[in-house]
Number of protein chains: 2
Amino acid sequence: MAKELKDLTKRADNYSQWYNELVIKADLAEQSAVRGCMVIKPYGYAIWEKMQQTLDRMFKETGVQNAYFPLLIPKSFLCREAEHVEGFAKECAVVTHYRLKNDPNGKGVVVDPEARLEEELIIRPTSETIIWGTYKNWIHSYRDLPLLINQWANVMRWEMRTRMFLRTAEFLWQEGHCAHATEEESQARTVQMINLYSDFAEKYMAMPVIKGVKTANERFAGALNTYTIEAMMQDGKALQAGTSHNLGQNFAKAFDVTFVNKDNKPELVWANSWGVSTRLMGALIMTHSDDNGLVLPPHLAPIQVVIVPIYKNDEQRARISTHVEPIVLKLREMGISVKYDDADNRRPGFKFADYELKGVPVRLAFGERDIENGTVEIMRRDTLEKSEAPLEGIEMTVRNLLEEIQDNIYRKALKHREELTYTVDTYDEFKEQIEKGGFILAHWDGTTETELKIKEETKATIRCIPLDGDKTPGKCMVTGKPSKQRVIFARNY
Amino acid sequence: MAKELKDLTKRADNYSQWYNELVIKADLAEQSAVRGCMVIKPYGYAIWEKMQQTLDRMFKETGVQNAYFPLLIPKSFLCREAEHVEGFAKECAVVTHYRLKNDPNGKGVVVDPEARLEEELIIRPTSETIIWGTYKNWIHSYRDLPLLINQWANVMRWEMRTRMFLRTAEFLWQEGHCAHATEEESQARTVQMINLYSDFAEKYMAMPVIKGVKTANERFAGALNTYTIEAMMQDGKALQAGTSHNLGQNFAKAFDVTFVNKDNKPELVWANSWGVSTRLMGALIMTHSDDNGLVLPPHLAPIQVVIVPIYKNDEQRARISTHVEPIVLKLREMGISVKYDDADNRRPGFKFADYELKGVPVRLAFGERDIENGTVEIMRRDTLEKSEAPLEGIEMTVRNLLEEIQDNIYRKALKHREELTYTVDTYDEFKEQIEKGGFILAHWDGTTETELKIKEETKATIRCIPLDGDKTPGKCMVTGKPSKQRVIFARNY
């Protein structure tokens with residue numbers, strides 16, 4: 001067994017430590033020399049690239065185009081939208097100078113005090129302000145609308161407590177920023193994008209999510225409404241996986257972005273923005289992985305199938321290779337990514353453990369005896385079950401198994417969420433249940449006051465007001481006041 | 001004729017102004033509110049995406065993997081490699097604080113003086129230092145080598161005089177950073193990558209380049225040797241389009257990166273780095289475009305073919321569409337990107353001028369009469385020639401024409417470069433010729449002193465010592481001292 005695997009903490013012993021170790025041991029990411037910033041390693045980045053490619057295609061299919069806006073935002077821009085600056089401007093990286101000079105004391109370099117910027121620049125924590133400052137020049141007439149733009153970018157928020165992928169000072173994301181002529185159209189796009197994120201989460205990440213609306217208290221700074229997808233991790237905590245914000249006319253007002261309508265009258269533009277980030281990597285890891293390491297959904301796995309030859313000498317290795325190579329070619333023709341690992345410096349047992357740790361969905365092992373019998377050993381990563389299959393038609397067996405694994409881990413995660421979702425009617429029950437983790441469906445009176453009281457007393461937040469499911473009214477578990485429908489409470493990442 | 005086009009300055013009148021206007025009018029990019037930083041607009045970004053996808057595939061075919069390293073670099077890292085800090089550290093964006101606070105005077109936000117960083121962070125001007133600081137933990141044994149890593153990232157250099165794409169404070173690029181066990185292997189990779197860039201420039205950008213080595217004076221800060229590809233713009237000036245640096249063991253020394261070799265002995269690692277940036281967009285524009293606007297090589301054009309219907313009423317438009325739609329489908333099946341522009345709010349003449357301005361390689365116009373005759377009008381953007389072709393088999397006609405255009409604009413650019421390349425033997429001749437532009441092949445004595453004297457007196461720099469071509473020795477045109485071979489002088493972007 002590989003040393004890395006042997007040392008992996010078990011989830012039941014310490015879920016948080018298991019996660020931190022797994023990120024390192026599976027070669028996904030590591031801490032950098034810069035506080036709160038991570039290095040995304042090649043294997044982790046390959047998964048992120050698959051996410052990017054898929055999302056990018058999905059965005060473009062809805063008419064979105066990519067563009068790129070500056071990394072730095074003038075300080076004054078942040079203050080233009082009052083609520084926005086309250087929510088964002090505080091903890092951020094501030095550029096104050098544009099030059100270093102040799103230390104007059106001869107030790108390295110120092111900041112040149114003469115190169116002070118007239119106005120400080122902020123590394124973007126999000127780009128609404130710089131983008132709406134630009135849209136002012138792009139939008140003049142109803143013919144310029146809708147404007148459907150996305151950017152893939154790095155952003156920075158000076159977080160005090162960081163965890164790789166889940167909360168880092170710098171992270172990678174996409175941010176979509178759409179401009180519309182009507183409120184209805186902008187609202188429809190806001191919902192369209194949360195639906196797109198939900199589809200992506202469920203079909204590619206195999207991660208069930210609940211779509212809902214955020215409470216006023218949890219809303220994006222400057223938004224009228226924030227839509228969210230919320231996922232449950234294996235420890236019963238919630239993770240916000242993507243958001244889509246209906247920004248109304250707030251940013252159009254702040255940056256004076258108007259258009260001339262068909263009746264030749266000026267109107268303010270309607271806005272929405274939506275984003276997902278490398279945080280999804282954390283969600284992916286925590287949804288499916290186990291005490292043996294990563295479990296990756298086949299639709300996002302950089303290596304979907306690994307083939308390991310079992311041989312005693314070079315002659316056997318060569319003979320096995322002649323049988324394996326046509327299979328590799330056929331699988332690749334089917335669009336399946338295969339690695340044939342015949343490296344001589346690691347034993348099969350080490351390789352098995354390593355690919356398990358890295359979450360490769362399907363492993364084929366092929367030895368001398370298999371040549372005689374016309375068979376191959378298949379191991380599926382999700383259940384760790386081994387079986388023997390005929391070599392003839394193995395491509396179809398593999399393809400079907402990949403889809404079965406994709407489906408199985410989704411259903412497993414859904415079952416887990418359903419088992420850990422509780423309906424609760426009294427605050428006492430609630431306080432007891434929240435200690436055990438999971439999602440709690442409870443009535444709430446709709447006030448920020450009650451929401452904050454519950455958060456303070458139980459560390460549970462309202463994850464969302466679900467869009468689907470039971471809409472029966474009731475009474476708030478804390479105040480007894482009327483409640484329109486149950487909302488989802490949980491502790492969260 | 002579209003207003004945008006009518007206003008475009010002619011190259012002969014003012015080449016520099018023609019370029020600046022074209023970038024704006026063709027919707028490629030614009031200045032942002034942040035000094036020296038541009039916004040890359042969707043059409044410009046779509047071209048950059050095609051470059052990225054092609055290069056990314058080419059890198060991966062040579063075994064390179066992508067990863068991501070932090071945006072910010074601790075100031076002390078820059079000083080670790082002495083030459084590197086001299087070449088880079090001075091003009092850069094410096095982060096000194098991590099928090100803003102409400103202005104006590106009630107006007108917006110100010111930098112919180114209490115949130116001063118202990119050590120300033122620099123926005124990466126290039127990532128050798130942070131990456132080699134990381135490699136120290138990744139490389140232990142010869143088994144960990146070679147390490148072939150690339151990152152797609154934004155970088156920042158506080159340039160005083162900026163021009164869109166050619167020289168901006170923030171720009172997008174890729175930077176490859178490889179680590180090897182031997183000097184030979186690292187040198188081979190350095191050359192492999194400049195060859196890859198050369199292939200990309202010639203086959204995709206249709207831009208002929210000269211491969212060569214930089215002089216000591218023009219070398220990357222901290223490199224033993226810098227390889228370059230140099231292209232000639234239409235005004236006869238040179239543009240450095242990509243570089244690959246053999247870094248020797250300088251960064252391994254600076255960051256103490258060693259590996260245990262097969263004999264169990266520690267050795268320093270050998271390094272190279274290589275990069276191209278959004279500057280390639282400027283090179284692409286300036287190589288092919290004309291007084292009517294952009295000319296894009298078919299291999300990188302976001303829209304390769306545009307089809308414009310010519311109709312008088314809705315009935316005609318509908319009839320034309322039934323004939324055009326199967327053509328659109330067939331072209332798409334062949335992997336050709338087509339836009340069918342039947343928008344009703346712009347007249348055909350306006351559309352024609354607009355797609356010419358945007359450099360779409362092939363335009364098909366199709367009207368009532370074409371239905372009767374079974375023909376279609378074809379316009380090729382490179383020569384602006386119109387012809388009539390049979391509708392039957394139009395897909396193959398278009399495909400062949402795209403390849404012909406790709407080939408033609410390459411040959412045209414090559415012919416232009418050859419015509420503007422001069423062999424010169426005396427410094428007087430040189431001074432006269434350099435005023436007229438172009439590449440000058442002349443003998444040089446190999447000293448930085450002579451190089452700088454020529455630069456000061458003529459504004460010409462040595463673009464490279466060419467790898468291919470005439471290697472006959474001679475005498476320096478300035479000092480009369482021995483010269484190993486002619487080098488290329490030019491004024492440059």
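All chains are named by letter (A, B, ...) in the order of the sequence lines, taking the proteins before the strands, and each is independently numbered beginning at 1.
- A heavy-atom distance below 4.5 Å is not found between the side chains of Tyr68(A) and Val39(B).
- Only the side chain of Lys60(A) comes within less than 4.5 Å of a heavy atom in chain B; its backbone stays farther off.
- With a threshold of 4.5 angstrom between heavy atoms, Phe77(A) approaches chain B through side-chain atoms but not through N, CA, C or O.
- Listed options Asp112(A), Ile131(A), Leu71(A) were ranked by heavy-atom pairs under 4.5 angstrom with chain B; first place goes to Leu71(A).
- Under 4.0 Å is where a charged nitrogen must lie from a carboxylate oxygen, and between Glu118(A) and Arg35(B) no such pair does.
- The shortest side-chain heavy-atom distance between Thr96(A) and Val95(B) does not fall under the 4.5 Å cut-off.
- Heavy-atom distances place the side chain of Glu30(A), and not its backbone, under 4.5 Å from chain B.
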- I would like to know whether Met160(A) and Tyr98(B) meet side-chain contact (heavy atoms from CB on, under 4.5 Å); could you show each step before the answer? CA-CA 11 Å; Met160(A) 283 298 118; Tyr98(B) 58 84; 4.2 Å; yes
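- Looking at Asn102(A), the atoms closer than 4.5 Å to chain B (heavy atoms on both sides) sit in the backbone and in the side chain alike.
- For chain B, the nearby part of Ile149(A) is the side chain; its heavy atoms alone come within less than 4.5 Å.
- Contact of Arg80(A) with chain B is not made at all, since no heavy-atom distance falls under 4.5 Å.
- Within the 4.5 angstrom heavy-atom criterion, only side-chain atoms of Met156(B), from C-beta onward, approach chain A.
- Ranking Pro42(A), Cys79(A), Ala46(A), Ala33(A) against chain B, the residue ahead of the rest is Pro42(A), based on heavy-atom pairs under 4.5 Å.
- Between chain B and the residues Asn150(A), Asn345(A), Val111(A), the most heavy-atom pairs under 4.5 angstrom are made by Val111(A).
- Taking Ile73(B), Leu117(B), Ile123(B), Ile130(B) one by one and counting their heavy-atom pairs under 4.5 Å with chain A, the maximum is reached by Ile123(B).
- Proximity to chain B is limited to the side chain of Trp138(A), based on heavy atoms less than 4.5 angstrom apart.
- Using a 4.5 Å cut-off between heavy atoms, Asp56(A) contacts chain B through its side chain alone, with no backbone atom that close.
- Applying the 6.0 Å contact sphere to CZ of Arg347(B) captures no more than 12 heavy atoms from other residues, nucleotides or ligands.
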- Task: Tell me, with the steps shown, if Ile40(A) and Asn66(B) meet side-chain contact (heavy atoms from CB on, under 4.5 Å).
- Result: CA-CA 9 Å; Ile40(A) 306 179; Asn66(B) 288 330; over 6 Å; no
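- Of the residues considered (Ala169(A), Ala115(A), Pro70(A)), Pro70(A) shows the highest number of contacts with chain B, using heavy-atom pairs under 4.5 Å.
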- Message: side-chain contact (heavy atoms from CB on, under 4.5 Å), that's the test. Do Ser32(A) and Thr134(B) meet it? Break it down for me.
- Response: CA-CA 7 Å; Ser32(A) 76; Thr134(B) 307; 5.7 Å; no
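- Chosen from Cys37(B), Gly44(B), Ala93(B), the residue pairing most often with chain A at heavy-atom distances under 4.5 Å is Ala93(B).
- No donor-acceptor distance shorter than 3.5 angstrom exists from the side chain of Lys75(B) to the backbone of Val110(A), with no hydrogens or angles considered.
- Heavy atoms of Glu49(A) lying under 4.5 Å from chain B belong exclusively to its side chain.
- Of all the heavy atoms in Glu91(A) and Arg99(B), the pair that sits closest is OE2-CD, 3.1 Å.
- Here the closest heavy-atom approach between residue Leu72(A) and residue Val34(B) is recorded as O-CG2, 3.1 Å.
- Residues Glu170(B) and Phe69(A) form no side-chain contact, since every pair of their non-hydrogen atoms from C-beta on lies 4.5 Å or further apart.
- Residue Glu114(B) places its CD atom among 12 or fewer non-hydrogen atoms of other residues, nucleotides or ligands, all under 6.0 Å distant.
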